[in-house]
Amino acid sequence: MRAVVIESEGADPRLLEDADESLLSGEVELDVLASGLNYKDGMALAGTGIARTHPLIPGIDLVGRVTGSADERFSAGDLVVLTGDGLGETAHGGFATRARVRPDALVRLPAELSPERAAAIGTAGFTAMLAVLRLEDAGLTPDSGEVLVTGASGGAGSIAVALLAGRGHRVAASTGRVEENGDYLRELGAAEVLDRRSLSEEVGRPLQSQRFAGAIDAVGSTTLANVLAQTARGGTVAAFGLAQGPDLPATVLPFILRGVTLAGVDSVACPLPLRERAWDALAREIDVEQLDSLTSSIGLSEVIDHAERILAGQVRGRTVVEVTQ
Ligand code: NDP
């Protein structure tokens, strides 16, 4: 099998053309048809502690065709998608032509989605949908007011903008690349494009003007503190990312004086019924032309170079990894 492998802690990742398949373990074996590059993969490839076992095949997403299964829920020929669940962290992931996985988080590919488009959605799009569901389950409707998305040009942010706009919300997209990506974000459905510096540079007052009915945050740190301070009474902020940093220099005032909710979103350990709900909704709602327009493709041989670019915030939208290339 072809695979990117991190042999030991601190070792540079390498592409092996004949990696040993006996590395793999798990009840369901499959041919990987496509994977995707996420921020977390960039962190794993850069050796920042994401890989918790060695040797490790990174790649937190995979879409594959089952070739054999010891679990009766799956059989040869089934098309499946797996995101998170320890892939690329504690278990071998999607940057390979073969995989063996545990069945408990494995989702059957919805008929509407090709393997490449499911990989284009990947963890980023799946997490964006989890965040949207979280806001709407908390009561957000298109009539509630404007919804903010931070890190909007990134993979999760881009898809969050498109999904919210598709559901009829008025979306404000915050980006550090207004000039470069303003039109792109408006095409995805953003009604307004904000320069992220107004949120990211310094922590403002703990309660600011109540600008947003809700928010999806990919960024954390000072940005999230300001987002909480600008969220309207009763609003929810769904937070999943740390692209600016893992700190949160905030006060409790938005929670106790405005009833704001900070809702954490974890895609990795997401239970199967919620995974199926999110993929079902993605299959119904994703505009495939829009998805294609925000997706680029790279071969497995380019993954290692792309890791630095995603960590530097230079990648726009989603990147599919063609594992046979
Ligand atoms: P991307 O790299 O594709 O997007 C991140 C975006 O954040 C960038 O495009 C950029 O957008 C913005 N950004 C980057 N650096 C900074 C900075 N220093 N300050 C403010 N904004 C910044 O990553 P993903 O979309 O794949 O993931 C986004 C985040 O969410 C990551 O932290 C990732 O680890 C996390 N994540 C967490 C998940 C979970 O289950 N909790 C699942 C998926 C992702 P712009 O140029 O528009 O400002």
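In this text the structure is predicted, and so the values were computed from the model without any measurement. Both counts, for ligands and for their atoms, begin at 1 and track the order of listing.
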*What residues come within 4.0 Å of ligand 1, counting heavy atoms only?*
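Residues near ligand 1: Tyr39, Thr123, Thr127, Gly151, Ala152, Ser153, Gly154, Gly155, Ala156, Thr175, Gly176, Arg177, Arg196, Ala218, Val219, Phe240, Gly241, Leu242, Ala243, Gln244, Val265, Asp266, Ser267, Ile310.
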*asked:* Looking at Arg108 and Asp280, is there a salt bridge between them, counting it only when a charged N and a carboxylate O are closer than 4.0 Å?
replied: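 Salt bridge between Asp280 and Arg108, a charged N being under 4.0 Å from a carboxylate O: no.
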_By side chain to side chain donor-acceptor pair (under 3.5 Å) - contacts of Asn181 (at least two apart)_ =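 Side chain to side chain donor-acceptor pair (under 3.5 Å) check on Asn181 returns Ser153, Arg316.
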*Is it true that Leu24 and Val4 fall in one hydrophobic cluster, defined by side-chain heavy atoms closer than 4.5 Å?*
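Yes, Leu24 connects to Val4 through the hydrophobic network.
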*Any side-chain donor paired with an acceptor under 3.5 Å for Gln314 and His306?*
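Result is no, nothing qualifies.
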*Is it the case that Ser200 and Gln244 place a side-chain donor and acceptor less than 3.5 Å from each other?*
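Per modelled atom types, Ser200 and Gln244 side chains form no pair under 3.5 Å.
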*asked:* Can a donor-acceptor pair be found, under 3.5 Å and without considering hydrogens, that links the side chain of Glu302 to the backbone of Gly299?
replied: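 Between the backbone of Gly299 and the side chain of Glu302 there is a qualifying donor-acceptor contact (under 3.5 Å).
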